[in-house]
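In this text the structure is predicted, and so the values were computed from the model without any measurement. What you see below is based on every heavy atom in this structure, not just the backbone, and it leaves out hydrogens, waters and symmetry mates.
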Amino acid sequence: MNKIEKTLLFVLMVAANGANAAQLAYPLTFHDAIQQALANRLEGAIDQASVQGVEARIEEAKGAYLPSLDAFSTVQRIKAYDDYSGIAINASYAGTNIPVIVKKETPGYQINAGLELTQNLYSGGARQARLEASKAAKLAAESAQGLTQKKIVLDATKAYWALRKAQIACASSERNLEFARKNTAVAVEQFHQGRIAKIELDAKALTMETREIELRGAKRSRLDHQRRYAYALGLDMAEPMPEQAQLSDEASGIDADKMLASFGLMREPEVSKARAELADAKARVKEAHADYKPTVDLFLHYSGIGRGSQNFGDAETGFGNDSTVIGLRIKWNWFTGFRTDRRIEQANMAAQQAQLRADLVQREIANEWHEKRSAEADRQDQFLLAKKQLELSQAQLLVAKKRWETQLISESQYDAARLAFAEAKDKLANMEIDLLMASITTKLAGND
């Protein structure tokens, strides 16, 4: 292998590695594109964090059913200004009258510490209401996650097939330009032979220039769609996709039902979210009503105390048991300045609004599904029409080929028939894409 051959081999290897890197960065199949979008998009991570946060809220609500243990301690420096107890006694001893004044002594240093174990026995339904509200909030968060996944699937679907259409458009523009160049070359030869006028040659040249501009525009559009494709998949478009890295899937080969089922998407997440918000609102109504009911706690209280007249050291030295108490604590608030009434009123209004929103969402989903279904039917009719046009174009191409072989038409006319057939194939491919996208949007809309 000589030096030139080695250099050429190195260049080809570099190009192949670049193409492979691009294929790794940009999934070329529709299924892989959606899978990567669901894995990469930041919205999914945000929703997952929200779900985990609500799960912590559920555990917090469950914690209200468990006992609580509190430790307490008080360190006090007391200065008493009145040490008289208010009692005076006169005593007589051996004929001598002895006045006695009873005084009280308040130690100046005191340490108090202890433990209290509390178990709530009855909360008026507030604990259960908070648990129900947190579970409903989790369902709402999961439904919001389902909405995000639905949006990601739609974004990836639109981006993938828009890029596929852009690639088809580029191929079509290249064919048109090749045909225009060939016609221009023939026109130049005809002009030199004096068979056409200069203005006819100029018209052919202008058509070729138009096709060149169209091709440049198609390539720019393809690059824009590559950028949108990368964004829809949550990728950084560090390097553009090479031209040879074409999206490999054809719309006709996609089973929309099977593919969507493989991702485990939530059915009608909009409705699920609205219903979860309604359940949350109803739970908050129960929680507000619980303020009218008493609460009952079982408690075990232990405390110790130490007192000293000189310093805290004396108080610490003299620390000992003070009391142990076990009992029931009942609290029943009878008047809150009408705050409870207002809370109940607000909770009831929120529940009514949530009910109306749930009904509205249900109606919107049904209406959207009918609209998507109608659009899908239109795409189906257009697809069938494009299929018939392709069949007609194919028949015309066969006729043109026979005429060209028998020299009844020129090669240019035969090329025009081949170009028309290729365009009909592209149109059918675009119609297949539109039909698939309509089918997917209908299925994601629900009721399907």
Set out, in order, the CA-CA distance, both residues' side-chain angles and the distance that settles side-chain contact (heavy atoms from CB on, under 4.5 Å) for Trp161 and Arg164, then state yes or no. CA-CA 5 Å; Trp161 294 110; Arg164 185 74 185 93; 3.9 Å; yes

For Leu38, the side-chain contact (heavy atoms from CB on, under 4.5 Å) test, sequence neighbours excluded, returns Ile34, Gln149, Ile152, Val153, Phe263

To the nearest 0.5 Å, what is the distance between CG on Leu28 and CG on Asp249? 9.0 Å

Looking only at atom types and distance, does a side-chain atom of Lys286 sit under 3.5 Å from a main-chain N or O of Gly125, one as donor and one as acceptor? no

In short, Ala256 meets Ile440 closest at the heavy-atom pair CB-CG1, 4.0 Å

Between Arg175 and Asp426, is there a salt bridge with N-O shorter than 4.0 Å? yes

Evaluate side chain to side chain donor-acceptor pair (under 3.5 Å) for Gln382 paired with Asp378, printing each intermediate quantity in order. CA-CA 6 Å; Gln382 293 172 12; Asp378 289 340; over 6 Å; no

Evaluate Met208 against Leu177 for side-chain contact (heavy atoms from CB on, under 4.5 Å), listing each step before the verdict. CA-CA 6 Å; Met208 183 180 68; Leu177 177 57; 4.1 Å; yes

Do other residues, nucleotides or ligands put more than 12 heavy atoms under 6.0 Å from the CD atom of Gln407? no

How long is the straight-line distance from CZ of Arg403 back to NZ of Lys401, given to the nearest 0.5 Å? 15.5 Å

Measuring only between side-chain heavy atoms, which start at C-beta, is Glu268 closer than 4.5 Å to Lys150? no

Return the set of residues passing side-chain contact (heavy atoms from CB on, under 4.5 Å) with Leu328 (not counting sequence neighbours), or none when no residue passes. Leu121, Val296, Leu298

Checking Arg363 now: which residues fulfil side-chain hydrogen bond (donor to acceptor under 3.5 Å, both in side chains) with it, not counting sequence neighbours? none

Has Gln413 got a side-chain atom pairing as donor or acceptor with Ser410's backbone, closer than 3.5 angstrom? yes

Would you sort out whether Leu428 and Phe383 count as a side-chain contact (heavy atoms from CB on, under 4.5 Å), showing the intermediate values? CA-CA 7 Å; Leu428 181 62; Phe383 167 74; 3.5 Å; yes

Hey, what do you get for CG (Leu163) to CG (Leu223), rounding to the nearest 0.5 Å? 10.0 Å

Evaluation steps, salt bridge (Lys or Arg N to Asp or Glu O under 4.0 Å), between Arg181 and Glu178: CA-CA 5 Å; Arg181 285 174 175 169; Glu178 182 182 358; over 6 Å; no

For Glu142, the side-chain hydrogen bond (donor to acceptor under 3.5 Å, both in side chains) test, sequence neighbours excluded, returns none

Closer than 4.0 angstrom, basic N to acidic O: yes or no for Glu189 and Arg195? no

Could you tell me whether Lys165 atom NZ has more than 12 heavy atoms of other residues or ligands within 6.0 Å of it? yes

Between Ser173 (side chain) and Ala169 (backbone), is there a donor-acceptor pair under 3.5 Å? yes

Spacing of CG belonging to Leu42 relative to OG1 belonging to Thr148, to within rounding of 0.5 Å: 12.0 Å

Is the backbone of Leu206 close enough, under 3.5 Å, to the side chain of Thr210 for a donor and an acceptor to pair up by distance? yes

Given salt bridge (Lys or Arg N to Asp or Glu O under 4.0 Å), test Lys427 with Glu423 step by step and report yes or no. CA-CA 6 Å; Lys427 184 176 181 180; Glu423 289 178 347; over 6 Å; no

For Leu154 versus Leu444, what's the shortest heavy-atom pair and its separation? CD2-CD1, 3.4 Å

Residue list, side-chain contact (heavy atoms from CB on, under 4.5 Å) with Glu368, at least two apart or on another chain: Ile365, Lys372, Ala445

Closest heavy-atom pair and its distance - Ala232, Ala37: O-CB, 3.7 Å

Interatomic spacing from OG in Ser143 to CE in Met266 - rounded to 0.5 Å: 4.5 Å

I want to check something: taking the side chain as every heavy atom from C-beta on, are Phe30 and Leu247 in contact at a cut-off of under 4.5 Å? no

Test item: Glu200 side-chain N/O and Ala197 main-chain N/O as donor-acceptor pair under 3.5 Å: yes

Non-neighbouring partners of Glu43 that pass salt bridge (charged side-chain N to carboxylate O under 4.0 Å, His left out), sequence neighbours left out: Arg41

Within the 4.5 Å heavy-atom criterion, are Tyr65 and Asn120 side-chain neighbours or not? no

Rounded to the nearest 0.5 Å, how far does CG of Asp291 lie from CZ of Arg343? 4.5 Å

Looking at Glu376 and Arg373, is any side-chain nitrogen of the basic one under 4.0 Å from a carboxylate oxygen of the acidic one? yes

Does Glu60 pair with Arg57 as a salt bridge, N-O distance under 4.0 Å? no

Pro269 and Leu147 have their tightest heavy-atom pair at CB-N, 3.7 Å

Whether Tyr229 and Tyr26 hold their rings parallel, tilted or perpendicular, with breakpoints at 30° and 60°: parallel

With a 6.0 Å cut-off (strictly less than), is the heavy-atom count around CZ of Phe338, excluding the residue itself, greater than 12? no

Regarding Ser303 and Ser323, is there a side-chain donor-to-acceptor distance under 3.5 Å anywhere? yes

Could you tell me whether the side chain of Ser374 and the main chain of His370 form a donor-acceptor pair under 3.5 Å? no

Side-chain ion pair, Arg284 and Asp280, N-O less than 4.0 Å: yes

Which residue pairs pass the ring-ring contact (aromatic ring centres under 6.0 Å, His included) test with at least one member in residues 400-442, sequence neighbours excluded? Trp404-Tyr414

Among residues at least two apart in sequence or on other chains, which ones pass side-chain hydrogen bond (donor to acceptor under 3.5 Å, both in side chains) with Glu411? Lys182

Any ring-ring contact (aromatic ring centres under 6.0 Å, His included) involving residues 114-151? Give me the pairs, sequence neighbours left out, ordered by first then second residue. none

Val186 meets the side-chain contact (heavy atoms from CB on, under 4.5 Å) criterion, sequence neighbours left out, with Gln190

Using modelled atom types and a 3.5 Å cut-off, is there a donor and acceptor pairing between side-chain atoms of Thr207 and backbone atoms of Ala180? no

Strictly by ring-ring contact (aromatic ring centres under 6.0 Å, His included), give each pair with a member in residues 174-226 just once, sequence neighbours left out. none

Listing request: all ring-ring contact (aromatic ring centres under 6.0 Å, His included) pairs with a residue in residues 195-218, at least two apart in sequence or in separate chains. none

Please walk me through it: do Arg357 and Lys273 pass side-chain contact (heavy atoms from CB on, under 4.5 Å)? CA-CA 10 Å; Arg357 281 196 298 270; Lys273 184 173 183 291; over 6 Å; no

When you compare the side chain of Glu55 with that of Glu59, does any pair of heavy atoms fall below 4.5 Å? no

